[in-house]
Amino acid sequence: MSAKSNNKKFSRRSALTMIGAGAGVAAASSVLLPRFAIGGMAKIKIGTLLPYSGTYTRLGQGITNAMELAFQQAGNKLGGRDIEIVKVDSEAKPPKATELTNKLINQEKVDMIVGPVHSGVAMAMAKIAREEGTMMIVPNAGANQVTGPFCSPNIFRTSFSNWQPGHPMGKVLADEGKKRVVLCYWAYGAGKQSAQGFKDSFIPAGGTVIKEIGIPFPKVEFQAALTEIASLKPDAVYVFFAGGGAVKFVKDWAAAGLKGKIELVGPGFLTEGVTKAQGAAAEGIRTTLHYADTLDIPTNRSFRAAYKNAFGKDADVYAVQGYDAGLLIRAGLEAAGGDTGAKAAMIKAMETTAIDSPRGQWTMSSAHNPVQNFYLRQVKNGVNEVVRLAMENLSDPAKGCRM
Ligand code: PHB
């Protein structure tokens with residue numbers, strides 16, 4: 001893969017390269033001004049566009065916290081330079097995303113953008129990042145397009161494609177002989193693509209989807225859907241909800257008397273970071289995801305301890321994805337010697353560096369999406385425990401990606 005195809009703005013040869021080449025700081029100062037504050041090197045500016053309000057608030061906070069932890073563990077320096085993080089609240093509102101992304105790039109003049117959580121926001125951000133050549137790290141939003149038809153050398157994802165976590169669950173249920181399933185999800189890109197991932201393994205294995213119920217994002221009025229599900233009596237219900245919506249759905253499910261009668265499953269977002277709020281209603285729920293609290297590997301143990309120590313909360317998948325975004329940025333900027341203009345070097349390092357992730361080793365696909373293991377998990381005493389490996393080294397099909 002070549003970075004040259006999208007190199008429009010990659011050519012801003014930076015100050016550091018000039019110094020290396022022997023250009024005097026004073027002589028070059030007019031060129032260097034944007035990069036160097038008086039008395040030292042300018043900070044590397046990282047702009048986050050993440051939800052700090054609304055139903056996905058705790059997701060945005062977990063990502064930000066853990067990315068900052070990854071930077072702290074490197075002495076708060078990237079390639080020798082200090083860091084400044086500019087945080088913008090996306091509110092998980094796609095109509096605001098273009099303006100907010102432009103604000104980060106053109107007004108704040110950030111060196112790279114990190115975000116978002118919501119797939120609709122991701123579409124707007126990725127469009128601008130592609131056009132401008134701005135480095136973009138996606139620490140959650142699963143929009144398949146970002147590492148599909150919208151893929152770009154300067155766009156990387158440390159999370160998943162929406163298709164990925166749904167796919168193993170279709171196989172799990174089909175292998176258990178479940179035949180009739182209802183799908184229920186927030187009816188936007190993430191919910192629909194998650195459902196498709198499920199169907200792509202469930203239906204060819206003999207399963208039938210008897211009904212799909214879409215709920216407008218971020219609405220949490222589930223009563224009509226629950227009544228319909230009760231009357232359909234499916235073998236299982238696969239749902240996509242996350243954050244505040246997942247808390248409400250799981251509690252409403254139990255309150256409607258469906259718990260223990262019909263199996264409720266989903267991608268792991270249904271029970272990530274929210275089991276305390278869900279309480280007894282979450283117990284026993286099975287999900288599939290690229291992470292589980294109890295993954296018994298040294299990096300996960302040390303990460304969870306450091307996260308708890310720093311923020312007083314348990315880590316979850318969003319924190320892991322944010323941490324890995326921090327590690328990826330570190331790897332890129334270290335390879336570039338802190339030179340944010342040296343994008344080809346950054347990109348090469350980000351494509352090839354093995355990230356020592358709490359989820360275990362994963363690699364970057366040629367479309368810049370994680371190739372990773374997916375686990376079947378179950379909630380026990382509020383903890384998402386590993387049941388077993390559900391799919392090993394699963395790669396998104398990356399339909400339409402050409403780089
Ligand atoms: C998404 O919009 O892509 C999304 C949001 C929340 C999740 C997962 C995916 O937990």
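Start at 1 with the first residue, then count along the sequence. Note that ligands are numbered from 1 as they come in the structure, with each ligand's atoms numbered from 1 the same way.
When heavy-atom distances to ligand 1 are checked against a 4.0 Å cut-off, Phe241 has no atom that comes that close, whether in backbone or side chain. Residue Trp186 does not touch ligand 1, judged by heavy-atom distances below 4.0 Å.
Polar contact with ligand 1: absent for Ala143 (N/O pair, distance under 3.5 Å). In terms of polar-atom proximity, Tyr56 is not counted as a contact of ligand 1, lacking any N or O under 3.5 Å from an N or O of the ligand.
Checked by atom type and distance alone, the side chain of Asn140 never pairs as donor or acceptor with a backbone atom of Tyr318 at under 3.5 Å.
For the residue pair Ser90 and Tyr56, no side-chain donor N or O sits within less than 3.5 Å of a side-chain acceptor on the partner. Counting only N and O atoms by type, the side chains of Asn369 and Gln164 include a donor and acceptor under 3.5 Å apart. Side-chain atoms of Asn300 and Tyr291 form a donor-acceptor pair, as typed in the model, at a separation below 3.5 Å.
Shortest contact from atom 5 (C) of ligand 1 to any protein heavy atom: Val117 O, 3.4 Å. Nearest protein heavy-atom contact of atom 3 (O) of ligand 1 is Ser119 OG, 2.6 Å. For atom 7 (C) of ligand 1, the nearest non-hydrogen atom of the protein is Asn140 ND2, 3.6 Å.
Contact atoms of ligand 1 toward His118: 2 (O) (distance under 4.0 Å to a heavy atom of the residue). For ligand 1, the atoms closer than 4.0 angstrom to any heavy atom of Ala242 are 6 (C), 7 (C), 10 (O). Less than 4.0 angstrom separates some heavy atom of Tyr188 from each of these atoms of ligand 1: 1 (C), 2 (O), 4 (C), 5 (C). Here is the list of ligand 1 atoms found below 4.0 Å of a heavy atom in Ala141: 3 (O). Each of the following atoms of ligand 1 lies closer than 4.0 Å to a heavy atom of Gly142: 3 (O). Each of the following atoms of ligand 1 lies closer than 4.0 Å to a heavy atom of Tyr318: 10 (O).
Among Phe160, Phe241, Trp186, Phe249, the one residue that satisfies the ring pair (Phe, Tyr, Trp, His ring centres under 6.0 Å) test with Phe269 is Phe160.
Checked against a 6.0 Å centroid threshold, the rings of Phe198 and Tyr185 do not count as neighbours.
In plain terms, the two heavy atoms of Ala122 and Val146 that are nearest each other are CB-CG2, 4.1 Å.
Considering only heavy atoms from C-beta on, Glu176 stays 4.5 Å or farther from Asp235 through its side chain.
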### Query
Would Asp111 and Met135 satisfy side-chain contact (heavy atoms from CB on, under 4.5 Å), going step by step from the backbone distance to the final call?
CA-CA 7 Å; Asp111 294 300; Met135 293 297 294; over 6 Å; no
